[in-house]
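Beneath this line is the structure, given in structure tokens, with notes to follow.
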Amino acid sequence: TTPDPDESAVKRTMISHARETIVMVDSSKFGKSSATRFARFEDIDRVVADINADAKIVAEMEKAKATAKVAYQSAVKFWQADEALARMDK
């Protein structure tokens with residue numbers, strides 16, 4: 001979710017045109033909700049989260065879509081995303 005309706009619209013459009021949707025999220029965002037939703041768990045193919053990700057929410061994501069994977073990193077940074085995703089495929 002996001003508080004900005006315009007940002008939400010852009011993200012929905014990007015997801016609808018993507019072959020694969022990968023979300024990077026800091027664990028502090030887990031369990032929080034904003035005004036507009038841009039995706040459901042079922043819309044997400046992969047999630048990259050730090051090690052503090054709530055296990056219950058991770059399980060919900062994985063249950064919603066069998067191909068969803070979560071890469072746990074102690075401090076995932078955007079420039080480390082490729083490395084984290086490569087590990088997920090192993």
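On a predicted model such as this, the values are computed, not experimentally measured, just so you know.
For residues 7-25, every residue pair satisfying the salt bridge (charged side-chain N to carboxylate O under 4.0 Å, His left out) rule, not counting sequence neighbours, is listed here: Glu7-Lys11, Glu20-Arg46.
Of all heavy-atom pairs spanning Asp4 and Thr36, the tightest one is O-OG1, 3.8 Å. Nearest heavy-atom pair across Pro3 and Ser34 is N-CB, 3.5 Å.
Checked by atom type and distance alone, the side chain of Thr1 never pairs as donor or acceptor with a backbone atom of Ala35 at under 3.5 Å. Between the Asp45 side chain and the Ile22 main chain, no donor and acceptor come within less than 3.5 Å of each other.
Residues passing the salt bridge (Lys or Arg N to Asp or Glu O under 4.0 Å) test with Arg40 are Glu42, Asp43, sequence neighbours excluded.
Taking the side chain as every heavy atom from C-beta outward, Ile57 and Phe41 approach each other to under 4.5 Å.
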